[in-house]
Amino acid sequence: MLNSYTIAFILVFSSFIVILNASAGDVDPHYRSCVKQCEETGCFKDRCFPNCKFSSDEVTIHHPWGMLEPLYVHWKKGDCQNDCQYYCMFDREKERELLNKGPEKYHSKWPFKRTYGIQEPASMAFSALNLALHFHGWMSFFTLLYNKLPLKASKRPYYEYASLWHVYGLLSLNSWFWSTIFHSRYCELIERLDNFSTVALLGYSFIMAILRSFNVKDEATRVMIPAPLISFVITHIMYLNSFKLDHEWNMKVCVLMTIAQLATWAIWSGVSHHPSRWKLRFVVFISGLAMSLKTYDFPPYKGLLDAQALRNAITIPLTYLWWSFIRDDAAFLTSNRLKNPMKSK
């Protein structure tokens with residue numbers, strides 16, 4: 001079996017072979033012209049969309065903080081834009097097919113066929129399953145801490161990383177929730193929330209890898225060590241929100257944080273004598289292989305299943321195993337703490 005240092009090398013090396021595809025489809029002049037005309041007329045050929053029609057009272061509201069719109073108007077505009085983009089995209093893809101050209105990405109996504117109004121049914125279903133398993137894992141972790149393991153006199157767990165993993169659980173639920181919504185139907189606002197949630201989760205996961213691997217328990221040190229990374233993540237999110245939603249740059253940031261996190265866990269699992277280190281090694285190794293799907297990104301098969309859907313599917317069993325490791329870690333450190341009450345764990 002590959003040792004931890006070999007796994008870490010593969011993860012770091014993979015950062016140099018990841019190929020990020022730009023969205024060439026949405027800059028196509030024919031596609032843009034089609035979307036613009038559709039949004040102005042509310043119709044694509046013989047098909048018209050009611051959400052593209054606005055009554056006279058649906059106007060922009062003047063507000064001291066800027067120009068704000070009612071939420072339902074913003075949603076209608078997004079839904080109108082989504083319908084126009086969808087039909088113009090497939091119309092353009094039919095033209096490309098007649099010219100013997102392959103499919104292109106539009107707004108960082110491949111052309112998908114809707115199923116009951118769902119834009120990416122496979123990715124949405126797998127995201128929902130990940131969401132459910134993270135909720136189950138977090139609840140089982142909570143139950144273990146407060147119902148099965150001994151507690152201090154203050155009714156707090158002996159496990160020093162309990163509160164940190166609770167934050168991780170909340171961030172995971174938030175990230176997979178927006179992933180589920182985003183894959184169901186495209187909307188720029190939802191896309192931003194999905195991207196921001198993913199970046200926040202990956203940044204925090206890297207912080208957790210550092211704190212647990214180096215056994216950091218001092219509160220001041222726990223603040224000092226992640227401070228630069230937290231500042232970077234916040235700055236990155238502000239850049240995406242305020243200046244440019246740069247998909248390529250955002251993908252690079254996410255990939256590098258994932259590699260750094262997995263490499264940290266891989267090295268620690270190699271030098272640690274943790275009884276459940278095999279679970280950690282398995283999660284790291286399979287996660288590294290799943291990340292390689294970014295290199296071999298491909299158009300959706302039959303317009304339904306693509307590399308993103310496969311990555312979401314692979315993370316489902318890994319999510320269960322990952323929370324199993326966290327529970328084992330809580331039980332292991334709690335047992336050590338009770339055996340050696342005067343020793344810092």
Side-chain angles (χ1 to χ4, degrees), residues 18-53 75-128 178-192 194-195 198 244-252 254 292-313:
V18 172
I19 299 175
L20 299 173
N21 294 323
S23 302
D26 52 88
V27 298
D28 185 292
H30 297 282
Y31 167 78
R32 288 196 166 191
S33 175
C34 174
V35 173
K36 181 180 179 181
Q37 182 179 3
C38 174
E39 291 180 344
E40 291 176 350
T41 62
C43 298
F44 170 78
K45 296 182 178 180
D46 296 332
R47 184 187 297 268
C48 294
F49 312 110
N51 282 336
C52 291
K53 303 297 182 182
W75 182 264
K76 284 182 67 176
K77 286 184 177 181
D79 207 39
C80 169
Q81 183 184 58
N82 184 272
D83 286 329
C84 289
Q85 289 176 348
Y86 178 79
Y87 288 101
C88 287
M89 173 182 67
F90 273 100
D91 185 66
R92 182 58 181 150
E93 285 300 302
K94 289 179 181 179
E95 294 176 357
R96 292 180 57 84
E97 187 177 353
L98 293 176
L99 297 174
N100 295 320
K101 295 182 178 181
E104 294 281 6
K105 280 190 174 182
Y106 295 79
H107 307 285
S108 77
K109 302 171 74 172
W110 291 110
F112 286 87
K113 293 181 180 179
R114 290 180 180 175
T115 303
Y116 298 107
I118 300 173
Q119 186 165 325
E120 301 175 53
S123 291
M124 191 208 74
F126 295 144
S127 294
W178 289 116
S179 175
T180 303
I181 300 300
F182 175 59
H183 288 303
S184 65
R185 197 167 177 86
Y186 177 80
C187 172
E188 184 178 350
L189 175 63
I190 302 301
E191 180 184 18
R192 290 178 180 271
D194 176 54
N195 287 332
T198 300
K244 180 183 179 182
L245 188 59
D246 191 330
H247 296 98
E248 183 174 353
W249 167 245
N250 183 58
M251 185 64 70
K252 288 179 179 178
C254 292
S292 67
L293 286 172
K294 295 180 182 293
T295 304
Y296 304 103
D297 195 15
F298 55 86
Y301 177 72
K302 300 295 185 180
L304 298 173
L305 189 68
D306 70 332
Q308 176 66 52
L310 291 179
R311 288 197 296 271
N312 288 351

Atom pair CD1 (Ile118) and OG1 (Thr180), whose distance is rounded to the nearest 0.5 Å: 10.5 Å
Heavy-atom closest pair, residues Cys88 and Phe44: SG-CD1, 3.9 Å
Heavy-atom donor-acceptor pair, Ser127 side chain to Ser123 backbone, under 3.5 Å: yes
SG proximity flag Cys38/Cys43, limit 2.5 angstrom: no
The single option from Glu39, Arg32, Glu40 passing side chain to side chain contact (heavy atoms under 4.5 Å, CB included) against Lys36: Glu40
Listed partners of Glu95 passing side chain to side chain contact (heavy atoms under 4.5 Å, CB included), at least two apart: Asp91, Arg92
Presence of salt bridge, Lys101 and Glu97, under 4.0 angstrom: no
Audit row: Glu93, Tyr106, side-chain contact (heavy atoms from CB on, under 4.5 Å) steps and yes/no: CA-CA 11 Å; Glu93 285 300 302; Tyr106 295 79; 2.7 Å; yes
Non-hydrogen atoms of Thr115 and Pro121 that approach each other most closely: OG1-CG, 3.6 Å
Interatomic distance, Glu120 atom CD to Leu304 atom CG [nearest 0.5 angstrom]: 10.5 Å
Beyond-backbone contact of Ser179 with Thr198, side-chain heavy atoms, under 4.5 angstrom: no
Side-chain heavy-atom pair Phe182, Met124 within 4.5 angstrom cut-off: no
Polar side-chain atom of Ser184 near backbone of Ile181 as donor-acceptor pair, under 3.5 Å: yes
Nearest-0.5 Å distance that lies between atom NZ in Lys45 and atom CD in Gln37: 11.0 Å
Point-to-point distance, once rounded to the nearest 0.5 Å, from NE2 of His30 to CZ of Arg96: 10.5 Å
Residue pair Pro300 / Phe112: nearest heavy atoms and the distance that separates them: CB-CE2, 3.6 Å
Interatomic distance, Lys113 atom NZ to Phe90 atom CZ [nearest 0.5 angstrom]: 7.0 Å
Over all atoms of both residues, closest heavy-atom pair of Gly42 and Cys52: CA-CB, 3.5 Å
side-chain contact (heavy atoms from CB on, under 4.5 Å) between Glu104 and Met89, intermediate numbers included: CA-CA 9 Å; Glu104 294 281 6; Met89 173 182 67; over 6 Å; no
Sidechain-backbone polar pair: Tyr86 side chain, Arg114 backbone, donor-acceptor under 3.5 Å: yes
Pairwise side-chain contact, Lys94 with Leu98, heavy-atom cut-off 4.5 Å (strictly under): no
OH-CG distance between Tyr301 and Asp306, expressed to the nearest 0.5 angstrom: 14.0 Å
Minimum-distance pair of heavy atoms, taken over all atoms of Gln119 and Asn82: OE1-ND2, 3.5 Å
